[in-house]
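Only one structure is covered here, and it is reproduced in the block below.
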Amino acid sequence: MATTTATAPPRQALVLGAALTTVVLWASAFVGIRAAGRDLSAGSLTLARLLVGSIALGAFAVAKRERLPPAQDVPRLVALGVLWFGIYNLALNEAERHVDAGTAAMLVNVGPVIIAVLAGTVLHEGFPRTLVAGCATAFVGAVMIGAATTDRLTPSLGAVLCLVAAFAYAIAVITQKPLLTRSSPLTVTTLACVTGAVCCLPFAPQLVSESQDAASSTLAWTVYLGLFPTAIAFTTWAYALSHTSAGRMGATTYLVPPLATLMGWAYFDETPPALALAGGALCLAGAALARRTR
């Protein structure tokens with residue numbers, strides 16, 4: 001009994017730390033995608049990022065002698081890789097070439113709402129009042145950030161692609177959750193990342209051609225995207241997801257828009273409007289409320 005009591009708090013601290021690591025690195029990805037997207041097209045950037053992530057994750061998984069997942073999980077793993085590492089990244093990268101960051105952040109953040117609905121019905125997690133209230137509060141904050149930082153919001157290819165990314169992300173999370181009961185977060189992330197990279201191999205000739213003329217800063221950002229927002233952040237996400245509900249983890253990603261706004265302010269010298277700062281405060285409050293348990 002004494003041992004259990006002593007080890008419980010560190011586990012909760014690790015889960016929270018993993019979740020926060022994920023959202024910080026995913027927020028930085030918005031800056032990296034915009035920077036690297038100047039020289040690399042959506043398909044090339046996605047493939048390059050996934051190749052770097054697959055190599056890093058594969059080396060670590062081999063070094064740790066990770067076990068392969070059971071055969072019955074293979075179809076679900078393939079679906080996870082195609083949806084999240086393939087479709088989501090391709091849709092988001094291409095969307096940011098057609099709409100501004102504010103619109104993208106607002107539309108992609110439909111994802112956590114979809115996750116909460118699917119988690120409550122498909123995974124039978126229910127609809128805790130704190131989760132519903134937190135999601136509603138944070139979503140209002142995301143809309144405020146989008147309204148403050150967007151030049152226009154009209155139906156466009158970019159808007160459609162953002163919604164495609166949001167649905168792919170939400171379905172992928174619901175697909176991933178049961179896998180983590182039978183395989184480690186590292187194994188699930190590695191195999192899904194490799195699957196996504198394989199799906200994007202048709203962009204290889206384009207990547208070779210564009211990388212020859214790309215600036216060194218573009219290549220550096222691409223390596224960063226593969227190592228940190230991909231390899232590390234998706235692994236810490238999987239670890240945190242394995243210890244909490246899908247609905248609450250999805251709500252945690254509402255921290256991404258305000259962090260991305262602040263990072264854009266620092267890197268691109270983009271001063272956020274007061275409405276965006278107020279929206280960021282709502283995102284923080286909503287995410288904190290959604291993660292509360294009774």
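- The two residues Thr222 and Ala36 make their nearest non-hydrogen contact at OG1-CB, 4.0 Å.
- Between atom SG of residue Cys200 and atom CG of residue Leu45 there is a gap of 10.5 Å, rounded to the nearest 0.5 Å.
- There is a path of hydrophobic side-chain contacts, each under 4.5 Å, that joins Leu259 to Leu16.
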- Query: Stepwise, does the side-chain contact (heavy atoms from CB on, under 4.5 Å) test hold for Val164 with Tyr88?
  - Reply: CA-CA 7 Å; Val164 169; Tyr88 171 82; over 6 Å; no

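- Residues Ser28 and Pro229 have side chains in contact (heavy-atom distance under 4.5 Å, counting atoms from C-beta outward).
- Aromatic ring orientation, Phe234 versus Phe85: tilted (interplanar angle from 30° to 60°).
- Taking both residues in full, the closest heavy atoms of Met263 and Val24 are given as CE-O, 3.5 Å, listed atom of the first, atom of the second, then distance.
- Nearest heavy-atom pair, Ser211 versus Leu40, reported as atom, atom and distance to 0.1 Å: N-CD2, 4.2 Å.
- Looking only at atom types and distance, the side chain of Thr190 has no donor-acceptor partner in the side chain of Thr187 under 3.5 Å away.
- Donor-acceptor pairing under 3.5 Å is lacking for the side chains of Arg76 and Thr175.
- Side-chain contact between Ser183 and Pro70: present, with at least one pair of heavy atoms (C-beta onward) separated by less than 4.5 Å.
- Between the side chains of Thr21 and Thr236, no donor-acceptor pair is found at a separation under 3.5 Å.
- Closest heavy-atom contact between Ala172 and Leu80: O-CD1, 3.5 Å.
- Using a 4.5 Å heavy-atom cutoff, the side chains of Tyr169 and Ile115 are in contact.
- Ring centroid separation for the pair Trp221 and Tyr224 comes in under the 6.0 Å cut-off.
- Annotation: side chain of Thr253 is in contact with side chain of Trp26 (closest heavy-atom distance under 4.5 Å).
- Cluster membership check: Val223 shares its hydrophobic cluster with Ile33, using side-chain heavy-atom separations under 4.5 Å among Ile, Leu, Val, Met, Phe, Trp and Tyr.
- Linking ILVMFWY side-chain heavy atoms closer than 4.5 Å, directly or via other members, places Trp237 and Leu20 in a single hydrophobic cluster.
- One N or O on the side chain of Thr252 and one on the backbone of Arg248 form a donor-acceptor pair closer than 3.5 Å.
- Between Thr230 and Val52 the shortest side-chain heavy-atom distance does not fall below 4.5 Å.
- Within the 4.5 Å cutoff, side-chain heavy atoms of Asn89 are placed close to those of Leu50.
- At a threshold of 4.5 Å between non-hydrogen side-chain atoms, the residues Leu47 and Leu201 count as touching.
- With hydrogens and angles left out, the side-chain atoms of Asp39 and Thr218 include a donor and acceptor closer than 3.5 Å.
- Gln176 and Trp84 share no donor-acceptor pair across their side chains, judged by distance under 3.5 Å alone.
- Taking the six-membered ring where tryptophan is involved, the planes of His243 and Tyr239 are tilted, since the angle between them lies from 30° to 60°.
- Formation of a donor-acceptor pair under 3.5 Å by the Glu94 side chain with backbone atoms of Leu161 is not found in this model.
- In the hydrophobic cluster analysis, where Ile, Leu, Val, Met, Phe, Trp and Tyr join through side-chain heavy atoms closer than 4.5 angstrom, Val74 is grouped together with Leu180.
- In terms of modelled atom types and a separation under 3.5 Å, the side chain of Thr244 and the main chain of Ala240 share no donor-acceptor contact.
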- Task: Applying side-chain contact (heavy atoms from CB on, under 4.5 Å), run through Leu241 and Lys177 and close with a yes or a no.
- Result: CA-CA 7 Å; Leu241 180 61; Lys177 178 66 174 174; 4.0 Å; yes

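- Cluster membership for Leu57 and Leu83, using ILVMFWY side-chain heavy atoms within less than 4.5 angstrom, is not shared.
- Arg182 is not listed as a side-chain neighbour of Pro69, based on a closest heavy-atom distance of 4.5 Å or more.
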